[in-house]
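Please read the structure below before turning to the comments.
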Amino acid sequence: MWLTLLIVAFGLFVVFKITLISYRRRRYPEPHEDWSTIDLDDVSFPQGFRWGTATAAHQVEGNQINNWTVHEAAKGLEPSGAACEHWERWQDDFQLLSDLGMTSYRFSIEWSRLEPTEGVWEDDALAVYSAMVDDLLARGIRPVVTLHHFSHPDWWEAKGGFADRANLPSFVAYCERVFEALSDRVTTWVTINEPTVFSTMGYTVGMFPPGKRSIPLTLRVMRNLLLAHGIVYRALKGKNPDVSIGVAKNVTLFDPKNRWSPIDWPLARLLEWFWNGAWRSGIQRGRMWFRDVPEAKGALDFVGLNYYTHVLTGLSLPALRHMKFQKRSQEIATEFGYPMYAEGLRRAIEFLAPLGVPIEITENGVADKNDTLRTEHLKRHLWVLSEAIAAGHDVRSYHHWSLMDNFEWAEGYSMRFGLYEVDFETQNRTLRGSGEVYRDVVAKV
Ligand code: FCB
């Protein structure tokens with residue numbers, strides 16, 4: 001009883017302190033541009049800047065058997081099924097990349113294809129990924145390989161997955177195997193996609209596998225992901241120090257709905273710390289949630305930035321569980337529900353800059369089935385990016401999410417993020433108008 005009171009009092013004190021410091025220093029402005037006065041075509045990018053798109057194995061390949069397919073069935077979600085049949089059609093899909101003039105492509109490896117049963121390796125599947133790499137290189141496209149993008153074998157999930165650090169050696173063994181096969185040609189590696197999204201959606205909100213809802217478990221998974229990244233980083237660098245290894249970090253910004261509310265403001269700061277700050281300081285200090293994770297300290301050659309939006313915090317926050325987002329009056333709501341807030345891309349870059357490594361935009365895009373918003377969305381974000389680079393930020397690439405419509409996790413096929421529209425009956429891909437715009441921007445700059 002007394003201990004609980006003490007902890008609560010300490011928590012309140014910390015919140016009070018953060019609020020006070022934030023007010024005094026005015027550290028968290030929330031800029032908004034007057035977009036009607038901005039020439040969105042006035043952009044420039046440095047020589048060698050890479051243009052790309054991104055996908056993930058479970059979302060495009062089709063016919064997986066992994067933690068996600070089990071979760072889809074258990075929760076009655078729309079099944080991923082054949083997805084984009086990319087496992088069979090990847091050569092044609094890579095032609096789509098060439099048609100867009102891409103110079104970089106981010107994709108992920110499906111561990112459950114390589115090790116469907118513990119200890120049993122399917123080298124044929126690895127050979128397919130190897131052929132993909134060759135094909136991309138022959139097209140002049142840099143492959144960016146993600147080792148873990150939300151999906152893994154179900155046998156590993158059954159053992160507790162990332163919730164149990166005793167499971168990490170099998171994850172590391174998988175990463176090493178892929179690295180040994182591809183690192184003679186792949187120079188840019190992402191260990192883990194969006195550690196905070198993975199842990200929060202799977203262990204707090206329960207919408208992702210394993211569908212749990214426990215804060216202590218969430219914190220443990222977050223820390224184990226940091227540890228897993230650190231161990232894999234060191235193991236792979238030990239094999240080939242010349243490659244570049246990073247994490248794809250989802251930076252979602254949290255802003256108080258009402259600036260002067262004693263609830264909204266500290267809530268924003270707390271969530272900002274939980275979502276973004278804890279991870280950044282984990283890399284900087286090798287420590288997370290009161291425990292040392294020395295393996296992670298400085299374990300980063302570049303940082304991948306996945307940027308989508310900001311979240312307005314306040315008493316309505318629990319509605320987020322049902323994907324109900326707030327927005328400012330001048331902001332446009334996207335199909336997913338969250339607002340389009342391109343100005344936040346600059347803030348997200350500034351947030352990552354203290355890590356002192358180059359930034360790659362590993363994801364940015366919008367769900368927009370009828371393609372009414374994507375062109376504006378793309379152009380605003382590219383304008384913000386161009387300004388950030390002009391101001392001296394070291395950003396090396398932009399990968400649009402996504403090349404084509406695909407399986408959008410808990411939302412199934414309802415959210416369409418593709419530059420190419422996919423007809424899932426016929427598997428036809430059709431370039432959207434916004435895709436033409438992206439192609440033309442890339443050709444011009
Ligand atoms: C990100 C995921 C990516 C995709 C986009 C829309 O959080 O990394 O796989 O689903 O959101």
Side-chain angles (χ1 to χ4, degrees), residues 52-62 64 66-69 71-72 77-78 80 83-84 86 105-111 144-152 162 190-205 207-209 222 225 229 246-253 275-276 279 303-311 320 323 325 333-341 344-345 348 360-369 373-374 377-378 381 398-422 432 434:
T53 70
T55 62
H58 185 70
Q59 295 178 273
V60 296
E61 286 181 359
Q64 314 281 21
N66 57 23
N67 60 328
W68 260 92
T69 50
H71 180 76
E72 291 155 23
L77 298 175
E78 184 173 11
S80 48
C84 306
H86 178 71
Y105 175 58
R106 174 176 175 234
F107 66 105
S108 77
I109 308 285
E110 180 62 36
W111 178 7
V144 177
V145 170
T146 302
L147 289 161
H148 188 274
H149 194 127
F150 295 166
S151 58
H152 48 241
F162 284 110
V190 172
T191 55
I192 292 167
N193 180 67
E194 298 189 340
T196 318
V197 173
F198 176 86
S199 39
T200 310
M201 292 300 283
Y203 293 85
T204 310
V205 184
M207 283 170 73
F208 282 14
M222 278 173 89
L225 286 167
H229 163 73
V247 169
K249 172 75 185 105
N250 174 297
V251 177
T252 296
L253 305 162
W275 196 271
N276 303 318
W279 179 81
V303 58
L305 167 57
N306 292 3
Y307 176 73
Y308 287 93
T309 194
H310 70 159
V311 169
L320 267 186
M323 294 288 147
F325 295 83
T334 67
E335 233 156 76
F336 220 111
Y338 50 70
M340 172 156 93
Y341 179 55
L345 176 59
E360 307 245 3
I361 308 296
T362 34
E363 281 183 32
N364 172 242
V366 63
D368 182 26
K369 188 171 194 297
L373 214 60
R374 193 175 287 100
H377 185 278
L378 176 71
H381 284 81
Y398 174 86
H399 296 82
H400 192 81
W401 185 275
S402 179
L403 171 64
M404 57 191 159
D405 293 339
N406 56 47
F407 178 73
E408 180 47 37
W409 309 113
E411 268 69 33
Y413 291 97
S414 63
M415 293 296 149
R416 305 291 180 107
F417 278 88
L419 293 168
Y420 283 86
E421 181 177 4
V422 176
R432 289 193 162 103
S434 54

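Remember, it's 1-based here, ligands and their atoms both numbered in the order they're listed.
Between the side chains of D368 and H377, no donor-acceptor pair is found at a separation under 3.5 Å. At a cut-off of 3.5 Å, with distance as the only test, a side-chain donor of Y398 or N364 sits close to an acceptor on the other residue. Side-chain atoms of T196 and K249 form a donor-acceptor pair, as typed in the model, at a separation below 3.5 Å.
Using the six-membered ring where Trp is involved, F198 and H148 have ring planes that are perpendicular, over 60° apart on the 30 and 60° scheme.
Applying the 4.0 Å criterion to heavy atoms of N193 picks out, from ligand 1, the atoms 8 (O). Remark: ligand 1 atoms within the under-4.0 Å shell around heavy atoms of W409 are 3 (C), 4 (C), 9 (O), 10 (O). Every atom of ligand 1 is numbered from 1 in the order shown, and the set under 4.0 Å from a heavy atom of F417 is 6 (C).
At a heavy-atom distance under 4.0 Å, only side-chain atoms of Q59, from C-beta outward, approach ligand 1.
Between H149 and ligand 1, at least one N/O pair is under 3.5 Å apart.
E363 has a carboxylate O that lies under 4.0 Å from a charged side-chain N of R106, or vice versa, which qualifies the two as a salt bridge.
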Apply ring-ring contact (aromatic ring centres under 6.0 Å, His included) to H58 and F407, showing your working. CA-CA 8 Å; H58 185 70; F407 178 73; 5.5 Å; yes

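E363 OE1, 3.4 Å is the protein heavy atom nearest to atom 2 (C) of ligand 1. Scanning all protein heavy atoms for the shortest distance to atom 10 (O) of ligand 1 gives E408 OE1, 2.7 Å. Remark: minimum distance from atom 7 (O) of ligand 1 to any protein heavy atom is reached at E194 OE1, 2.5 Å. Among protein heavy atoms, the minimum distance from atom 5 (C) of ligand 1 is reached at Y308 OH, 3.3 Å.
Tested against W68 for a ring-ring contact (aromatic ring centres under 6.0 Å, His included), the candidates F150, W409, W111 yield a single pass: W409.
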